[in-house]
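One structure below.
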Amino acid sequence: AVAATVIASIAIAGGVAATVIQARRVAAEHVWELAVNASGALDELGVMRLMRGDVSGSDTVLGRAVALCHANHPDPDLPLTCARSLYDLGVTLLWKGDLPRSELMFQQALAIVRTASGPMQEATAKVLAGLARVHDARGDMTGADDLFHQSSVLFNLGLADQSAGRVEM
């Protein structure tokens with residue numbers, strides 16, 4: 001009887017632990033979704049600042065958007081919202097002349113859109129074009145031409161693709 005009570009207690013404790021772990025996972029996913037939504041709003045603000053010519057302000061706001069994307073999240077695959085923020089920060093840093101950081105942002109955005117499910121030709125093409133502009137700014141015309149060519153091919157494929165998987169960058 002004692003053994004049965006001990007086994008029952010262990011089973012109950014295991015069930016409670018599993019419930020706590022699940023609750024923490026759900027809470028982390030909710031926090032992550034909120035961070036992605038906030039990142040998207042900050043991205044829009046950063047782009048608006050860049051369009052007004054406020055490159056420094058854009059850099060600050062887009063940096064916050066990217067930081068939210070890199071906050072603790074349950075899924076190692078960053079969503080396309082984060083790819084857009086990385087791309088926009090890459091553009092802003094290119095305008096500032098910070099080519100190393102700009103290239104890094106474009107590379108991170110490229111990694112996301114290349115691993116996304118569904119056709120992402122247009123988004124990939126835009127990121128490749130951003131990388132090409134970095135190479136061009138460095139004076140690497142061969143690298144820029146290669147990236148612009150890859151971008152052009154993907155843009156043409158993306159124009160032919162009318163699926164719901166297309167994303168605005």
TODO: Mind listing the closest non-hydrogen atom pair of Val61 and Gly46 along with its distance?
DONE: CG1-N, 3.6 Å

Task: Min side-chain heavy-atom separation Thr92-Val55 under 4.5 Å - done: yes

TODO: State, to 0.1 Å, how close Ile112 and Ala83 come at their nearest heavy-atom pair, and which atoms those are.
DONE: CG2-CB, 3.7 Å

TODO: Starting at OG of Ser151, measure out to CG of Asn156 and round the result to the nearest 0.5 Å.
DONE: 9.5 Å

Open item on the list: Suppose we screen for side chain to side chain donor-acceptor pair (under 3.5 Å). Which residues come up paired with Gln150, at least two apart in sequence or across chains?
Closed with: Asp146

Open item on the list: Please find the pair of heavy atoms, one from Phe155 and one from Lys126, that lie closest to each other, and give the distance.
Closed with: CZ-CG, 3.5 Å

Open item on the list: Membership question, hydrophobic clusters at under 4.5 Å side-chain separation (ILVMFWY): are Phe148 and Tyr87 in the same one?
Closed with: no

- [ ] Identify whether Val47 and Leu86 are in the same connected component of the hydrophobic contact network (ILVMFWY, side-chain heavy atoms under 4.5 Å).
- [x] no

- [ ] Quick one: do His149 and Val153 satisfy side-chain contact (heavy atoms from CB on, under 4.5 Å)? Show the steps, please.
- [x] CA-CA 6 Å; His149 175 73; Val153 168; 3.9 Å; yes

- [ ] Could you grab the distance from atom OG of Ser85 to atom CD of Glu44, nearest 0.5 Å is fine?
- [x] 9.5 Å

Task: Within one Ile-Leu-Val-Met-Phe-Trp-Tyr cluster: Leu50 and Val127, side-chain cutoff 4.5 Å - done: yes

Task: Pairs meeting criterion salt bridge (charged side-chain N to carboxylate O under 4.0 Å, His left out) with involvement of residues 48-60, two or more places apart - done: Asp59-Lys96, Asp59-Arg101

Open item on the list: Is there a path of hydrophobic side-chain contacts, each under 4.5 Å between heavy atoms, that joins Val66 and Trp95?
Closed with: yes

- [ ] Supply the atom-to-atom distance Leu154 CG to Thr124 OG1, rounded to the nearest 0.5 angstrom.
- [x] 6.0 Å

Task: Under 3.5 Å: donor-acceptor pair, side chain of Ser102, backbone of Leu93 - done: no

TODO: To the nearest 0.5 Å, tell me how far Leu42 CG sits from Thr60 OG1.
DONE: 11.0 Å

Open item on the list: For residues Leu80 and Leu128: do they belong to one hydrophobic cluster (side chain heavy atoms under 4.5 Å, members Ile, Leu, Val, Met, Phe, Trp, Tyr)?
Closed with: yes

Task: Interatomic spacing from CE in Met105 to CG in Leu62 - rounded to 0.5 Å - done: 10.5 Å

For a quick test of your reading: what N or O donor-acceptor pairs under 3.5 Å do the side chains of residues 129-138 make, sequence neighbours left out?
unit_1: His135; atom_1: ND1; unit_2: Asp140; atom_2: OD2; d: 2.8
unit_1: Arg138; atom_1: NH1; unit_2: Glu103; atom_2: OE1; d: 2.7
unit_1: Arg138; atom_1: NH2; unit_2: Glu103; atom_2: OE1; d: 2.9

Task: Euclidean distance, Ser58 OG relative to Asp43 CG, rounded to 0.5 Å - done: 8.5 Å

